[in-house]
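Single-structure report; data block below.
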Number of protein chains: 2
Amino acid sequence: MNAMTIGKLAAAGRVGVETVRFYQRRGLLVEPERNGGVRRYDETDVSRLRFIRAAQAGGFTLAEIGELLALDATEDRARARELANKRIAEIDERIAALQSARKSLRRLADECAEGGDGRCPIIEAFEPS
Amino acid sequence: MNAMTIGKLAAAGRVGVETVRFYQRRGLLVEPERNGGVRRYDETDVSRLRFIRAAQAGGFTLAEIGELLALDATEDRARARELANKRIAEIDERIAALQSARKSLRRLADECAEGGDGRCPIIEAFEPS
DNA sequence: CTTGACTCCGTACTATGCTACGGAACCTAT
DNA sequence: ATAGGTTCCGTAGCATAGTACGGAGTCAAG
């Protein structure tokens, strides 16, 4: 078997050991079997850990990720769909906000680029447009 | 003059009074003149406050926003451009991450939608694809 | 069988961005 | 002039997501 220690798991998920322990306390990672005091993890733990990081990158909070993980063990497809759709809507909003900010920044950079003197009107670059 | 109290300013910026005070402590909003103990704000303060919220929506931290605001008072166009471009790159990354997460979620919702039994493979939906 | 790396555990601390509390002062309308 | 709503101020607390500490236990190599 390819059992690994917490250090290996953390490395595989590119997080710190303390972070793994933290996720365990939060119930995101299950406390694994021990081999004489020392925890032993396997590939499914790596998957879970990677899932957590991927979901986080998608803007899920740890609490939401916990719900998703719990959901993954059930057959409540309706709830899973509901959560997914809710999050998609939130993601769309967030993307829109970022694109708006990007536009303001682009404007700022462009206006500041074309020589000229005086200062860049940074606040105006973000004015509701 | 259209001087307003902290409560009006907060309302105009859709934030709480405590938040305005917090921003003042952080140096994001300047301590305004007093009219016998009570602070009086004007339209420029509203602009600044709105700017802070807009920049925040674009993912800037309060520290970065402080730098932008400070920059707005200088003529350091190069630095302004640099900051803007750096942030644009970050925003693009963030948008890409969100779009990737969105795709996974879409897949999840779709797969869970089409009848079938058993559970939705949530973790697999986020597997490095 | 000892050394050094790793693990365990609880607890404490950090950073970010607010949010709340509570008593005093002040402002406004009646 | 007095009641009620704001404002002022420092300080304290909260949520999120970790990060650090330190002493004890364990494990594998030499």
Side-chain angles (χ1 to χ4, degrees), chain A residues 1-42 45 48-69 87 90 94 97 101, chain B residues 1-42 45-46 48-69 87 90 94 97:
Chain A
M1 47 203 58
N2 39 11
M4 52 188 127
T5 63
I6 195 171
K8 300 286 171 55
L9 172 62
R14 268 104 69 211
V15 301
V17 167
E18 300 296 333
T19 304
V20 172
R21 290 199 343 100
F22 174 68
Y23 288 167
Q24 260 158 17
R25 285 200 294 276
R26 289 290 299 259
L28 298 177
L29 292 176
V30 168
E31 292 275 349
E33 284 149 51
R34 303 284 177 108
N35 194 322
V38 174
R39 287 178 273 241
R40 296 292 165 180
Y41 303 85
D42 60 20
D45 294 304
R48 252 176 114 89
L49 183 49
R50 292 222 171 114
F51 167 77
I52 293 170
R53 304 304 281 191
Q56 245 182 335
F60 286 90
T61 64
L62 293 185
E64 289 169 325
I65 292 169
E67 194 175 359
L68 284 175
L69 286 169
R87 198 86 264 281
E90 282 170 23
R94 187 95 192 92
Chain B
M1 46 204 60
N2 39 11
M4 53 188 127
T5 62
I6 196 171
K8 300 287 171 56
L9 172 63
R14 268 104 71 210
V15 300
V17 166
E18 299 296 333
T19 304
V20 172
R21 289 198 345 100
F22 173 69
Y23 288 166
Q24 260 157 17
R25 284 199 296 274
R26 289 290 299 259
L28 300 176
L29 292 176
V30 168
E31 291 276 348
E33 284 149 52
R34 305 280 177 110
N35 194 321
V38 174
R39 288 178 274 241
R40 296 292 165 180
Y41 303 85
D42 60 22
D45 294 304
V46 176
R48 253 177 114 87
L49 184 49
R50 292 220 171 116
F51 167 77
I52 294 170
R53 304 304 281 188
Q56 244 182 335
F60 285 90
T61 64
L62 293 186
E64 289 169 324
I65 292 169
E67 194 177 359
L68 285 175
L69 286 169
R87 197 88 266 279
E90 283 169 22
R94 188 96 192 90

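Naming convention: chains lettered A, B, ... in sequence-line order (proteins, then strands); numbering from 1 in each chain.
Between atom CZ of residue A/Arg14 and atom CZ of residue A/Arg53 there is a gap of 9.5 Å, rounded to the nearest 0.5 Å. Within the model, atoms CG of B/Leu69 and CD1 of B/Ile52 stand 5.5 Å from one another, a figure rounded to the nearest 0.5 Å. In this structure, OG1 in B/Thr19 is found 12.5 Å from CZ in B/Arg26, a value given to the nearest 0.5 Å. Taken from CZ in B/Arg25 to CD in B/Glu18, the straight-line distance is 7.5 Å, to the nearest 0.5 Å. In this structure, the separation between CD on B/Glu90 and CD on B/Glu64 is 6.5 Å, given to the nearest 0.5 Å. In this structure, the separation between CG on A/Asp45 and CD on A/Gln24 is 8.5 Å, given to the nearest 0.5 Å.
Here the nucleotide nearest the side chain of B/Thr5, chosen from C/dT7, D/dC8, D/dT6, is D/dT6. Each of D/dC8, C/dG17, C/dC21 was ranked by its minimum atom distance to the side chain of B/Phe22; first place goes to C/dG17. For B/Arg34, whose side chain is taken as the heavy atoms from C-beta onward, the closest listed nucleotide among C/dG10, C/dT19, D/dC9 is D/dC9.
Residue B/Lys8 contributes atom NZ, which lies 12 Å from atom C1' of C/dC27 at whole-angstrom precision. Atom CZ in B/Arg40 sits roughly 13 Å away from atom P in C/dC26 (whole-Å rounding). Atom pair B/Arg26:CZ and C/dA15:P shows a separation of 11 Å (rounding to whole Å applied). Atom CD in A/Glu18 sits roughly 15 Å away from atom P in C/dT11 (whole-Å rounding). Here the P atom of nucleotide D/dC8 and the CD atom of B/Gln24 are 8 Å apart, to the nearest Å. Atoms CG (A/Leu29) and P (D/dA17) sit 14 Å apart, rounded to a whole Å. Atom C1' of nucleotide D/dC27 and atom CD1 of A/Ile6 are separated by 16 Å, given to the nearest angstrom. D/dT6 atom P lies 17 Å from atom CE of B/Met4, rounded to whole Å.
Residue-level contact check: A/Arg25 touches the bases, meaning some heavy atom is under 4.0 Å from a base atom. Within 4.0 Å of A/Arg21, counting heavy atoms only, lies at least one base atom of the nucleic acid.
Under 4.0 angstrom from either OP1 or OP2 of C/dG17 there lies no side-chain N or O belonging to B/Tyr23. Put simply, B/Thr19 has a side-chain N or O that comes within less than 4.0 Å of OP1 or OP2 on C/dT19. Contact check, B/Arg39 against D/dC8: a side-chain N or O comes under 4.0 Å of OP1 or OP2.
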Stepwise, does the side chain to side chain contact (heavy atoms under 4.5 Å, CB included) test hold for B/Glu33 with B/Arg40?
CA-CA 6 Å; B/Glu33 284 149 52; B/Arg40 296 292 165 180; 5.7 Å; no
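Non-hydrogen atoms lying under 4.0 Å from DNA chain D are contributed by nothing in residues 53-66 of chain B.
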